[in-house]
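Before any comments, here is the structure.
Values reported hereafter were calculated over all heavy atoms of this structure, with side chains retained and with hydrogens, waters and symmetry mates removed.
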Amino acid sequence: MDKPITYVKATEDNSCVPACLAMVTRKTLKHVLSDIYEYWEAEGKISGTTNDIVDEYLSQNGYAIQRINYEYSPAKLLIEGWPIDPFAPIHIVDVWSSDPAGMHAVVMDKSGKIYDPSNRRIKKISEYQRVFSITGIWKVSDTTLISITKG
């Protein structure tokens, strides 16, 4: 993850999450859309990407994740100091955006720089009206797995 992020533009309707997955996995948007098409077919809809799809896709491509939501459930207590600082090499952040309007996903690097697949001009998380969750993502290598098992 120390390589610079290659920006991927969301060129299809509702393709912000697949574009984020492309930036994280260093694949093309077309490749990611092709990969997740089977998930969409299984759900009976060909649009929108749920957290379950993101989690499974990243897991199958050798990544570990930690998702932190802006509130703790079930009491819905807000996290103080939200949004939190970057905590992983790369992140996918669920935000409320005005351009495009609605729920949206962006990539954040370890320094906090934003890569918005629909609005390249945005560079800071504070430019969004609301942040719903931040998913930290780590590439898991064979070396990582060996060190974990040796503990």
Side-chain angles (χ1 to χ4, degrees), residues 1-140:
M1 286 292 171
D2 289 335
K3 296 178 185 174
I5 295 170
T6 301
Y7 178 81
V8 175
K9 182 174 178 54
T11 57
E12 307 291 328
D13 288 343
N14 296 316
S15 66
C16 61
V17 174
C20 289
L21 289 170
M23 286 187 253
V24 169
T25 61
R26 301 187 174 283
K27 296 181 179 185
T28 65
L29 176 59
K30 184 177 180 178
H31 189 150
V32 172
L33 287 170
S34 174
D35 286 350
I36 64 174
Y37 189 83
E38 66 186 66
Y39 298 110
W40 283 340
E41 281 187 318
E43 289 187 354
K45 62 178 186 169
I46 310 298
S47 68
T49 310
T50 64
N51 285 342
D52 290 341
I53 291 172
V54 169
D55 297 354
E56 188 170 342
Y57 187 80
L58 289 171
S59 175
Q60 289 184 353
N61 282 276
Y63 294 86
I65 67 144
Q66 179 183 12
R67 181 173 294 108
I68 300 175
N69 295 309
Y70 79 105
E71 62 184 24
Y72 296 106
S73 292
K76 302 217 183 264
L77 299 173
L78 299 181
I79 294 176
E80 190 174 319
W82 187 259
I84 59 175
D85 292 333
F87 58 90
I90 193 166
H91 310 76
I92 294 178
V93 184
D94 292 325
V95 298
W96 184 264
S97 176
S98 57
D99 181 22
M103 287 293 292
H104 187 49
V106 300
V107 169
M108 178 172 66
D109 70 15
K110 65 184 177 184
S111 71
K113 182 178 177 186
I114 296 294
Y115 299 80
D116 186 323
S118 299
N119 189 341
R120 200 167 189 162
R121 127 191 121 62
I122 294 178
K123 299 295 180 208
K124 297 185 293 187
I125 202 167
S126 61
E127 295 179 58
Y128 297 99
Q129 294 173 336
R130 191 167 181 190
V131 176
F132 294 97
S133 70
I134 301 174
T135 302
I137 303 166
W138 293 264
K139 179 68 173 162
V140 180

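- You'll find the side chain of Ile137 stays beyond 4.5 Å of the side chain of Pro89, heavy atoms only.
- Distance check: Asp94 CG to Arg130 CZ gives 12.0 Å after rounding to the nearest 0.5 Å.
- Atom NZ of residue Lys30 and atom CD of residue Glu12 lie 10.0 Å apart, to the nearest 0.5 angstrom.
- Contact check for Asn69 versus Ile79: no side-chain heavy atoms found under the 4.5 Å cut-off.
- Judged by distance alone, the side chains of Asn61 and Lys27 do bring a donor and an acceptor atom under 3.5 Å apart.
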Q: Take Thr6 and Met23 through the side-chain contact (heavy atoms from CB on, under 4.5 Å) test and state the conclusion after the steps.
A: CA-CA 6 Å; Thr6 301; Met23 286 187 253; over 6 Å; no
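- Shortest non-hydrogen contact noted between Phe87 and Thr135 is CZ-C, 4.4 Å.
- Closest approach of Gln129 to Trp96, counting heavy atoms only: OE1-CD1, 2.6 Å.
- When the side chain to side chain donor-acceptor pair (under 3.5 Å) test is applied to His104, the partners found at least two apart in sequence or on another chain are Asp116.
- Closest heavy-atom contact between Ile65 and Trp138: C-CZ3, 4.2 Å.
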Q: Kindly indicate, with the supporting measurements, whether the criterion side-chain contact (heavy atoms from CB on, under 4.5 Å) is fulfilled by Tyr63 and Val24.
A: CA-CA 9 Å; Tyr63 294 86; Val24 169; 4.1 Å; yes
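- Contact check for Val32 versus Thr28: no side-chain heavy atoms found under the 4.5 Å cut-off.
- Contact annotation: the side chain of Cys20 approaches that of Pro117 to within less than 4.5 Å [non-hydrogen atoms, C-beta and beyond].
- Remark: Lys139 NZ to Arg26 CZ distance equals 11.0 Å, nearest 0.5 Å.
- Using a 4.5 Å heavy-atom threshold, the side chains of His91 and Pro86 count as touching.
- Taking all atoms of both residues into account, the shortest heavy-atom contact from Cys16 to Ala105 is SG-N, 3.5 Å.
- Separation of atoms CD1 (Ile122) and CD (Glu127) is listed at 5.5 Å; rounding is to 0.5 Å.
- Thr50 contributes atom OG1, which lies 8.0 Å from atom CG of Asp55 (distance to the nearest 0.5 angstrom).
- Exactly one of Thr49, Asp35, Thr25 qualifies for a side-chain hydrogen bond (donor to acceptor under 3.5 Å, both in side chains) with Tyr57. That residue is Asp35.
- Counted by atom type alone, Tyr115 and Arg120 present zero donor-acceptor pairs between their side chains at under 3.5 Å.
- Across all non-hydrogen atoms, the minimal contact from Ile68 to Trp82 is O-CH2, 3.4 Å.
- Looking at Ser111 and Asp109, their side chains do bring a donor and an acceptor atom within 3.5 Å of each other.
- At a threshold of 4.5 Å between non-hydrogen side-chain atoms, the residues Arg67 and Ser133 count as touching.
- Judged as a side chain to side chain donor-acceptor pair (under 3.5 Å), and not counting sequence neighbours, Asp85 has no contacts.
- Taking 4.5 Å as the limit, some side-chain heavy atom of Ser15 sits within range of a side-chain heavy atom of Leu29.
- Leu21 has its side chain within reach of Leu58: a pair of non-hydrogen atoms, C-beta onward, lies under 4.5 Å apart.
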Q) After noting the C-alpha distance and the side-chain angles of Val93 and Val131, does the key distance pass the side-chain contact (heavy atoms from CB on, under 4.5 Å) rule? A) CA-CA 7 Å; Val93 184; Val131 176; 3.6 Å; yes
